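Accompanying notes for the structure given below.
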Amino acid sequence: MKQIGVDIGGSHITAAQVDLQKGAVIASTLTRAKVHPHGSAEEILSTWSNTIKEALRGSEDGQIGIAMPGPFDYLTGICLMKNVNKYEALYGLNIKEELSERLGINAHNIVFRNDSEAFLAGEMRFGAGKGFQRGMGITLGTGLGTSIYQNDEARDMALGINYQMLDGVAEDYISTRWFVNTYQLKTQKSVEGVKQLVQLYASEEAVRELFEDFGQNLSSFVHGFIKQFTPEVVVIGGNIANASEKFFPNLSQQLSAYQTPIQLRKAILNEEAALLGALGLITGQN
């Protein structure tokens, strides 16, 4: 039976066959597609099912693990996304049943997992967190994903929107949105994202200050998290992690100062971690 890992983001889907014994994605089966987050239900579901079919390579005998952003009922497969600027056409639909019918695969062989949780499960078992027993996962991008790994199980913490920080929640200060908005306030100039800011790092003091402030925001958040969960390692992924050299040194120094030093690791599997981790609920490798 083929095992298919799927990662669904706000505007894309990636699917591939995976080998969980080796902890590897089978590259020849990997397929990606753009998804219109404001498209019709039929448009979105067709893109999803066609991409997964391509990874199946003609088989109808498979187990499918899907890393999915929330809000979502991961057990039943019912989409609960509303007022989150994506996939609202799917609100209230049973995605498990929809995909089962379109793919010809038993619904019992399709499972959903929170995307942050799947990311950390994959990194702890096969990637940057391998060898540690307790880990904390942070995904830095459009939003802020948080998860914890302990007792051989990963679980989503949703602290990005639930952790109070300064005048809002953590995601307001640790996200691409914070970079873009704060840069505009500082300079009255606009950028599309963090990648553009990295290109301006050497030439603009305002950008260097921005990354310094971001590092402080992240450090403050991580310290609160550590007090509650005492991880051995902090694994950071997401698009902003590509600029890790701009804010890792300060955070790493602070983590090493704990009585039991905490390791800081940049994710090494990234999207592949979600593909591997999404299948953990089916295989019992959580």
Side-chain angles (χ1 to χ4, degrees), residues 5-7 9 14 16 18-27 30 65 67 69 113-157 159-160 170 174-176 194-195 198 211 214-215 218-219 221-223 225-226 228-258 260-281 283 285-286:
V6 181
D7 179 49
T14 303
V18 302
D19 184 336
L20 286 177
Q21 296 302 314
K22 296 179 179 178
V25 169
I26 300 173
L30 192 142
R113 193 169 199 179
N114 174 272
D115 51 357
S116 295
E117 185 179 301
F119 156 75
L120 185 59
E123 288 288 348
M124 290 297 293
R125 293 202 67 242
F126 305 112
K130 189 175 181 180
F132 294 96
Q133 300 301 311
R134 298 189 313 281
M136 166 186 174
I138 297 176
T139 50
L140 304 171
T142 306
L144 171 64
T146 57
S147 48
I148 194 75
Y149 186 91
Q150 54 189 6
N151 301 320
D152 297 321
E153 183 177 359
R155 57 191 174 98
D156 173 50
M157 300 306 297
L159 293 180
I174 307 170
S175 61
T176 299
V194 175
K195 185 176 181 180
V198 170
F211 276 100
F214 178 80
L218 182 58
S219 294
F221 172 72
V222 168
H223 285 313
F225 205 40
I226 285 170
Q228 187 174 357
F229 297 107
T230 61
E232 299 170 309
V233 62
V234 175
V235 180
I236 296 184
N239 291 333
I240 298 176
N242 292 328
S244 60
E245 73 280 359
K246 304 291 189 294
F247 58 88
F248 261 34
N250 183 37
L251 179 57
S252 181
Q253 184 178 6
Q254 292 189 46
L255 292 178
S256 67
Y258 278 87
T260 302
I262 297 167
Q263 301 298 310
L264 178 64
R265 296 282 190 272
K266 180 183 175 183
I268 59 176
L269 297 176
N270 295 304
E271 185 177 52
E272 291 189 5
L275 298 180
L276 292 162
L279 278 160
L281 299 180
T283 63
Q285 299 170 325
N286 293 324

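Keep in mind that this is a model prediction, so the values were computed, not measured.
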[atom1] of [X] to [atom2] of [Y]: how many Å apart, nearest 0.5 Å?
X	Y	atom1	atom2	value
D115	D156	CG	CG	7.5 Å
I268	F126	CD1	CZ	12.0 Å
T139	I174	OG1	CD1	11.0 Å
T260	I226	OG1	CD1	11.5 Å
E232	R134	CD	CZ	4.5 Å
L120	I148	CG	CD1	7.5 Å

Flag the pair [X] / [Y] as yes when at least one side-chain heavy-atom distance between them is below 4.5 Å, and no otherwise.
X	Y	answer
R265	E123	no
L218	L251	yes
F119	D7	no
S147	N114	no
Q263	L255	no
K266	I236	no
F132	V234	no

Return the minimal non-hydrogen interatomic distance between [X] and [Y], and the atom names on each side.
X	Y	result
A67	A118	CB-CB, 3.8 Å
A243	V194	CB-CG1, 4.4 Å
L276	L269	CD1-CD1, 4.1 Å
Q133	M124	C-CE, 4.5 Å
A16	L275	CB-CD1, 4.2 Å

Inset, instruction - Evaluate whether atom CG of N242 has more than 12 neighbouring non-hydrogen atoms of other residues, nucleotides or ligands under 6.0 angstrom away. - result: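 Enclosed: over 12 neighbouring heavy atoms sit under 6.0 Å from CG of N242.
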Inset, instruction - Tell me, yes or no, whether the heavy-atom count around E245 atom CD, taken from other residues, nucleotides or ligands under 6.0 Å, exceeds 12. - result: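 Atom CD in E245 is packed in, count exceeds 12.
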Please answer whether the main-chain N or O of [Y] pairs with a side-chain N or O of [X] as donor and acceptor at a distance below 3.5 Å.
X	Y	result
S244	A241	yes
S256	P261	no
R125	G23	no
R113	G277	yes

Inset, instruction - Kindly indicate, with the supporting measurements, whether the criterion side chain to side chain contact (heavy atoms under 4.5 Å, CB included) is fulfilled by Y149 and V233. - result: CA-CA 10 Å; Y149 186 91; V233 62; over 6 Å; no
Inset, instruction - Check the angle between the aromatic planes of F247 and F214 and answer parallel, tilted or perpendicular using the 30° and 60° thresholds. - result: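 Aromatic pair F247/F214 classed perpendicular.
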Inset, instruction - Using the six-membered ring wherever Trp is involved, compare the ring planes of F225 and F221 and label them parallel, tilted or perpendicular (cut-offs 30° and 60°). - result: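 Parallel, since the angle between the ring planes stays under 30°.
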Legend entry - Verdict with reasoning, I262 to V222, per side chain to side chain contact (heavy atoms under 4.5 Å, CB included): CA-CA 11 Å; I262 297 167; V222 168; over 6 Å; no
